[in-house]
Amino acid sequence: MKARIAVLPGDGIGPEIVPQAVQVLEAVAAQYGHAFEFRAADVGGAAIDKTGRPLPEEALTLAKASDAILLGAVGGPKWDGLPYDVRPERALLGLREQLGLYANLRPAKLYPMLADASTLKPEVITGTDLLVVRELTGGIYFGKPKGIEKTADGERGVNTEVYTTAEIVRIAKVAFEAARRRRKKVTSVDKANVLESSELWRRVVSDVAKGYPDIELTHLYVDNCAMQLIRNPKQFDVLVTTNLFGDILSDEAAMLTGSIGMLPSASLGGRVGAGGRIGAGGRIGLYEPIHGSAPDIAGRDLANPIATIASAAMMLSYSFNLDKEAAAIERAIVRVLEKGYRTKDIQSPGCTLVGMKEMGRLIREGLGSV
Ligand code: IPM
Ligand code: MG
């Protein structure tokens with residue numbers, strides 16, 4: 001197959017890890033006879049430095065003209081003082097909004113040989129295999145009114161948590177469809193004991209569940225969920241939640257897998273079909289590691305490229321239906337970890353410490369193509 005892939009490395013470790021994933025995709029293309037065309041553009045701080053704007057027209061046009069997007073990370077201390085509407089993070093939020101990427105899938109699966117790499121006890125995290133389905137274009141991230149205004153005795157900062165029936169229905173469907181291809185359990189996470197928007201969320205998710213009698217639905221308050229995630233993560237299959245709660249819980253879930261450097265994600269829009277795949281009439285998917293730009297380790301060959309490489313695997317499966325190829329990448333990652341190679345974030349005694357580039361090369365070698 002032929003596909004156009006937009007490459008948006010961004011900031012910090014982004015420009016280092018993204019080429020590793022591109023090289024893995026190139027290796028897959030060569031091995032399986034596909035033609036992937038890669039085009040790059042600046043986003044985030046890198047774009048601010050060149051154009052003054054985090055999401056220049058060029059990057060947005062490129063993204064819109066592509067079949068899928070591979071993104072690194074955005075942000076860094078250099079741009080922290082800027083006003084919100086021109087900060088690097090706006091590039092991500094703008095892409096999500098402009099491309100209608102309302103469904104963010106963040107799988108957190110523990111590779112068994114990394115059970116010792118987590119700060120949590122191995123017996124607690126062993127067997128963790130869950131999927132966070134985070135609503136991505138609504139809630140408090142985008143709700144209005146928002147802003148900071150002067151008052152008689154200081155200032156007032158406002159954001160608004162808001163969800164409509166339609167927004168809740170479509171994200172709930174993504175979660176139920178995903179659960180059908182997994183262990184058939186959905187946990188909806190809200191704060192319905194306090195927030196009206198959550199009361200509606202819970203009611204609508206329960207209504208959508210009636211169309212999925214084969215799926216078991218439970219509801220949890222977000223504070224309890226945060227606790228349950230580190231108490232007994234094995235109880236979870238699919239978690240569906242709002243933009244802000246999903247942001248927080250997915251970072252927490254990342255630590256169940258040993259390191260935040262391991263977690264990929266897919267952001268999808270349009271009609272997301274069975275299992276979370278982009279079906280006919282679907283839109284462009286955006287794939288990125290869930291970790292940030294890690295400016296403290298940027299440029300030092302220390303980053304873990306696995307989250308980005310695994311995001312490329314998600315692209316193959318969700319955007320292009322290339323399941324065999326995606327599985328080959330996942331197998332290559334497992335093989336390299338089984339052989340005991342580790343980047344610094346997942347290093348444990350007795351394992352071989354390697355840099356980011358070497359980890360990327362080993363994974364390509366694991367594909368049988370180096
Ligand atoms: C994430 C990130 C982003 C978010 C930031 C960088 C805007 O934390 O993708 O989880 O909050 O959504
Ligand atoms: Mg986050």
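First listed ligand is number 1; within each ligand, the first listed atom is number 1.
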Quiz item: By ring-ring contact (aromatic ring centres under 6.0 Å, His included), which residues pair with Tyr341, not counting sequence neighbours?
Solution: none
Practice problem: Only pairs at least two apart or in different chains count here, so list each side chain to side chain donor-acceptor pair (under 3.5 Å) that has a residue in residues 329-340. | Solution: none
Practice problem: For residues Gln20 and Arg361, determine if any side-chain heavy atom of one lies less than 4.5 Å from a side-chain heavy atom of the other. | Solution: no
Practice problem: Give every residue pair that meets the salt bridge (Lys or Arg N to Asp or Glu O under 4.0 Å) criterion with at least one member in residues 130-157, sequence neighbours excluded. | Solution: Arg134-Asp247, Glu149-Arg156, Lys150-Glu155
Quiz item: For the Mg ion (ligand 2), what is the closest N, O or S atom on Asp247?
Solution: OD1
Exercise. Find the distance between CD1 (Ile69) and CG (Leu286) and round it off to the nearest 0.5 Å.
Key: 4.5 Å
Exercise. Give a yes-or-no answer on whether the side chains of Asp345 and Ser259 include a donor-acceptor pair shorter than 3.5 Å.
Key: yes
Quiz item: Under a 4.0 Å heavy-atom cut-off, which residues neighbour ligand 1?
Solution: Glu89, Leu92, Arg96, Arg106, Arg134, Tyr141, Asp247
